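Below is one structure; the comments refer to it alone.
Values in this document were obtained by computation on a predicted structure and should not be read as measured data. Numbers restart at 1 for each chain; the letters A, B, ... are given by sequence-line order, proteins then strands.
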Number of protein chains: 2
Amino acid sequence: MSDLLERLRGRGWRMTAQRRVVAEVLEGDHVHLTADEVHARAVVRLPEISRATVYNTLGELVSLGEVLEVATDKRAKRYDPNAHRPHHHLVCARCGAIKDVHPGGNPLADLPDSERFGFTVSDVEVTYRGVCPTCAAA
Amino acid sequence: MSDLLERLRGRGWRMTAQRRVVAEVLEGDHVHLTADEVHARAVVRLPEISRATVYNTLGELVSLGEVLEVATDKRAKRYDPNAHRPHHHLVCARCGAIKDVHPGGNPLADLPDSERFGFTVSDVEVTYRGVCPTCAAA
DNA sequence: AATTGACTTAGACAATGTCTATTGTAGGAT
DNA sequence: ATCCTACAATAGACATTGTCTAAGTCAATT
């Protein structure tokens, strides 16, 4: 199923029950869990998994480029398994729900040299904020 | 000097040495300090100022719309006194230096309805990442 | 100058994240 | 199939950032 696990094995990752469970918890679209949420879900499948292992595994997945860290929230970091298709985020200001979005335009090109302060600019992150339908109805 | 202090007084803010010092520490362009950095600088001028007061004062300034919270860093929140001219941020991936930038384009218009998931979108934050001249030289 | 309610303080507490010493185990070697 | 060993997992201490509370202090009004 998960070709993520295949890719990781191919890179010499030692496969353990803990790592498999963390990778499985992250499967799906529009998934943006905090480390503790990942831990809570992992514990359901593997009760003895520790917090430290979840943090370590998430850190490794980020280093390997298989998962992105997202800082839309001002509290905990969130982990986004959608690392292979570039995208940005749409966040509900009330409930914190996060959607992956693919805006048009090219914000990198919109930053003139005069506004670059000599930096070599390589990346842009765009975060849209608004209110989701559920919160708007309430 | 600081018309910020004038505005605050006009809004019924009780003026205390602590609040004056916090407001003074935030003066300047491209200032993006964490709460603890603000505290460290405030202590130089007013040794007995407490951490709680710095947090409280920063929170009040944010509520009043005089200071923005910035989450470019994944660790602590940063406070940006440049609240009256809309802008975005350019961050050095190595040393964390932050510059205020004013890109062209209109990212809000670049998000098609089909990518809005029914949200009422009201705001966009753009964070450019790169390497600053100092770090590039090193 | 007296009053009063808002402000400040110290320190406990909470949430998130990191590190270490110890124990366990995946996967190759035999 | 069993053994080895380096890598991984664990529990829990520790670190950082932020919040809260109870008690004392003081700015602005009277």
Atom-to-atom span, NE2 of His39(A) to P of dA9(D) - whole angstrom: 13 Å
Length of the line joining Met15(A):CE and dG28(C):P, which is rounded to integer Å: 13 Å
Ala17(B) or Arg78(B), whichever maps to the more 5' nucleotide of DNA chain D: Arg78(B)
Any donor-acceptor N/O pair, Arg41(B) side chain to Val25(B) backbone, under 3.5 Å: no
For atom CD of Glu48(B) and atom C1' of dT25(D), their distance in whole Å: 12 Å
Distance below 4.0 Å between Ser50(B) side-chain N/O and dT8(C) OP1 or OP2: no
Side-chain N,O (Arg75(A)) to OP1/OP2 (dG18(D)) below 4.0 Å: no
Presence of Arg19(B) side-chain N/O under 4.0 Å of dC7(C) phosphate oxygens OP1/OP2: yes
Nearest listed nucleotide, side chain of Arg14(B), among dG18(D), dC26(D), dA13(D): dC26(D)
Listed nucleotide nearest any side-chain atom of Lys77(B), set dA6(C), dT19(D), dG17(C): dT19(D)
Residue Ala35(A), side-chain heavy atoms: nucleotide from dT10(D), dG18(D), dG17(C) that is nearest: dG17(C)
Sugar-phosphate only, base, or nothing, as touched by Ala76(B) at under 4.0 Å among non-hydrogen atoms: sugar-phosphate
Steps toward side chain to side chain contact (heavy atoms under 4.5 Å, CB included) verdict (His84(A), Glu66(A)): CA-CA 8 Å; His84(A) 295 296; Glu66(A) 295 290 347; 2.9 Å; yes
Exam field: side chain Glu115(B) to backbone Pro103(A), donor-acceptor pair closer than 3.5 Å: no
Nearest to side-chain heavy atoms of Ala52(B), which nucleotide of dA28(D), dC20(D), dG17(C): dC20(D)
Between C1' of dG18(D) and CZ of Arg51(B), the distance in whole Å: 7 Å
Rounded distance (Å) that lies between atom C1' of dG18(D) and atom CD of Glu60(B): 16 Å
Tyr55(A) side-chain N/O to dG17(C) phosphate OP1/OP2 under 4.0 Å: yes
Most 5' of Asp36(A) and Asn56(A) on DNA chain C, judged by nearest nucleotide: Asp36(A)
Sugar-phosphate only, base, or nothing, as touched by Thr16(B) at under 4.0 Å among non-hydrogen atoms: sugar-phosphate
Between dC7(C) (P) and Leu8(B) (CG): distance, integer Å: 12 Å
Options dG17(C), dA12(C), dT8(C), nucleotide nearest the side-chain atoms of Gln18(B): dT8(C)
Proximity to the side chain of Arg9(A) - top-ranked nucleotide from dT10(D), dG27(C), dG11(C): dG27(C)
Spacing between Leu58(A) atom CG and dA9(D) atom P, to the nearest angstrom: 12 Å
Upstream residue (5' side of DNA chain D) when Trp13(B) and Thr53(A) are each assigned their closest nucleotide: Thr53(A)
Integer-rounded Å distance: dA26(C) P and Arg11(A) CZ: 22 Å
Geometric class of the His87(A)/His89(A) ring pair [parallel <30°, tilted 30-60°, perpendicular >60°]: perpendicular
Asn82(A) versus His30(A), side-chain donor and acceptor atoms under 3.5 Å: no
Working for side chain to side chain contact (heavy atoms under 4.5 Å, CB included), residues Leu4(A) and Leu26(A): CA-CA 10 Å; Leu4(A) 167 58; Leu26(A) 287 172; 5.9 Å; no
